[in-house]
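Below is one structure; the comments refer to it alone.
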There are 2 protein chains.
Amino acid sequence: MNRISRLALIEKLVRENVIGSQDDLLRMVEGTGMKCTQATLSRDLRQLGITRGFDGSGGYRYLLSSGREAAAEMLPGSAAASITGMTWARGLLLINTPPGFASAVAIRIDRAGRYEIAGTVAGDDTILLIPRDNISNEAVEECLSGIFEPETITKM
Amino acid sequence: MNRISRLALIEKLVRENVIGSQDDLLRMVEGTGMKCTQATLSRDLRQLGITRGFDGSGGYRYLLSSGREAAAEMLPGSAAASITGMTWARGLLLINTPPGFASAVAIRIDRAGRYEIAGTVAGDDTILLIPRDNISNEAVEECLSGIFEPETITKM
DNA sequence: ATTTTGAATGCAAATTTATACATTAATTAT
DNA sequence: ATAATTAATGTATAAATTTGCATTCAAAAT
């Protein structure tokens with residue numbers, strides 16, 4: 001009957017059911033014997049990062065944030081900005097990021113001011129990194145390791 | 001001033017700005033000289049799959065549902081999104097599209113998941129396509145032929 | 001060119017969600 | 001244990017979003 005168990009219940013209800021409004025959710029919560037108001041649910045949903053999206057057939061549905069969406073919710077430049085993949089091709093390094101983060105990640109690379117990196121071009125979720133001439137792939141990867149925490153890089 | 005360009009504008013505004021309400025968005029749309037009402041934006045946002053989430057610091061923010069993919073799936077014009085030109089340079093392929101469509105076209109390329117293509121970076125009307133090493137120009141062009149209807153490609 | 005049809009839009013009302021404020025419950029310090 | 005402080009919640013209301021309906025606009029058909 002406390003906040004914590006209510007949050008857990010909400011998470012479960014949203015995960016397992018198609019819920020289209022906070023009033024629907026309220027009814028389901030009350031159906032389990034727990035009791036609160038719509039206002040509390042509004043606050044709980046924010047706390048849980050649960051958002052209202054579309055159910056694919058004209059209606060609405062509350063959704064748990066996936067990792068990807070959660071990342072997108074954070075402001076660019078946050079520590080959570082991560083690299084989701086890297087591929088070398090034609091002497092260039094293609095870096096993948098969560099959607100919308102390419103620019104934020106590229107800025108961090110640019111700001112590091114490493115000689116080995118001639119420059120970057122960022123799209124929405126892809127960065128093209130251009131190394132200087134005669135710099136090895138390994139040297140570039142070492143630069144990146146120095147710029148980002150190891151855990152924020154997921155090599156492909 | 002038509003629906004399609006408004007949708008493209010909204011997609012772009014949401015991608016590039018932190019927008020917390022439909023009224024905010026309405027002001028930005030009007031700021032570009034385009035004109036509509038909040039009710040229309042509500043319908044457009046559904047069409048584009050754009051949802052309101054959290055900005056990580058107490059506020060709200062509209063978000064593309066799955067980053068770049070949202071544009072590809074939802075922009076009505078994307079099915080017909082065309083390639084207006086292609087140029088090879090330095091082993092890279094520069095692809096031209098109508099203004100504002102680079103992202104939508106690039107998504108389709110990305111999603112095709114062809115091995116031959118290491119990645120793309122999209123600007124507004126230009127895409128830089130990076131082929132993997134040891135892949136011929138012809139092989140890349142064949143990939144594109146498979147992804148797009150022949151008539152949507154205009155070689156330069 | 002005119003009519004027909006369906007899509008797109010604005011308006012206003014209805015619905016849904018968020019919040020200010022007051023109150024209660026819980027936690028911490030004394 | 002009691003007071004002080006902070007967190008959680010309900011109530012009422014405000015803010016924001018969605019939708020029914022009428023109208024306009026655009027494309028297709030005649």
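Every chain is numbered from 1, with letters handed out A, B, ... down the list of sequences.
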Discussion item. Restricting to salt bridge (charged side-chain N to carboxylate O under 4.0 Å, His left out), what partner residues turn up for A:R27, sequence neighbours left out?
Written reply: A:D24

Discussion item. As a test of understanding, state which of B:V29, B:L25, B:I4 forms a side-chain contact (heavy atoms from CB on, under 4.5 Å) with B:L9.
Written reply: B:V29

Separation of atom [atom1] in [X] from atom [atom2] in [N], rounded to whole Å:
{"X": "A:R27", "N": "C:dT15", "atom1": "CZ", "atom2": "P", "answer": "12 Å"}
{"X": "B:L48", "N": "C:dA8", "atom1": "CG", "atom2": "C1'", "answer": "15 Å"}
{"X": "A:L41", "N": "D:dG10", "atom1": "CG", "atom2": "P", "answer": "9 Å"}
{"X": "A:R3", "N": "D:dA7", "atom1": "CZ", "atom2": "C1'", "answer": "8 Å"}
{"X": "A:R6", "N": "D:dA8", "atom1": "CZ", "atom2": "C1'", "answer": "8 Å"}
{"X": "A:Q47", "N": "C:dA18", "atom1": "CD", "atom2": "P", "answer": "14 Å"}
{"X": "B:L7", "N": "C:dA7", "atom1": "CG", "atom2": "P", "answer": "15 Å"}

Using a cutoff of under 3.5 Å, can you pull out all pairs of nitrogen or oxygen atoms linking the protein to nucleotides 22-26 of chain C, with atom names and distances?
none

Practice prompt. Please examine the side chains of A:V14 and A:L48, heavy atoms only from C-beta on, and report whether any two atoms are closer than 4.5 Å.
Written response: no

Practice prompt. Would you please name every residue forming a side-chain contact (heavy atoms from CB on, under 4.5 Å) with B:N137, sequence neighbours left out?
Written response: B:W88

Discussion item. Applying side-chain contact (heavy atoms from CB on, under 4.5 Å), can you list everything that pairs with B:E16, at least two apart in sequence or on another chain?
Written reply: B:K12

Whether the side chain of [X] engages the backbone of [Y] through a donor-acceptor N/O pair (distance < 3.5 Å, no angle test) should be reported.
{"X": "B:R46", "Y": "A:F54", "value": "no"}
{"X": "A:T84", "Y": "A:N96", "value": "yes"}
{"X": "A:R6", "Y": "A:M34", "value": "no"}
{"X": "B:D133", "Y": "A:R90", "value": "yes"}
{"X": "A:S42", "Y": "A:Q38", "value": "no"}

Under 3.5 Å, which N/O atoms of the protein pair with N/O atoms of nucleotides 22-26 of chain D?
none

Worksheet item: Shortest non-hydrogen contact from A:N17 to A:R61?
Response: O-NH2, 3.3 Å

Check the interface with nucleotides 13-19 of chain D: list each N/O to N/O pair with the protein under 3.5 Å, or write none.
unit_1: D:dT17; atom_1: OP1; unit_2: B:Y62; atom_2: OH; d: 2.3
unit_1: D:dT17; atom_1: OP2; unit_2: B:Q22; atom_2: N; d: 2.9
unit_1: D:dT18; atom_1: OP2; unit_2: B:Q22; atom_2: NE2; d: 2.9
unit_1: D:dT18; atom_1: OP2; unit_2: B:S42; atom_2: OG; d: 2.7
unit_1: D:dT18; atom_1: O5'; unit_2: A:Y60; atom_2: OH; d: 3.4
unit_1: D:dT19; atom_1: OP2; unit_2: A:Y60; atom_2: OH; d: 3.4

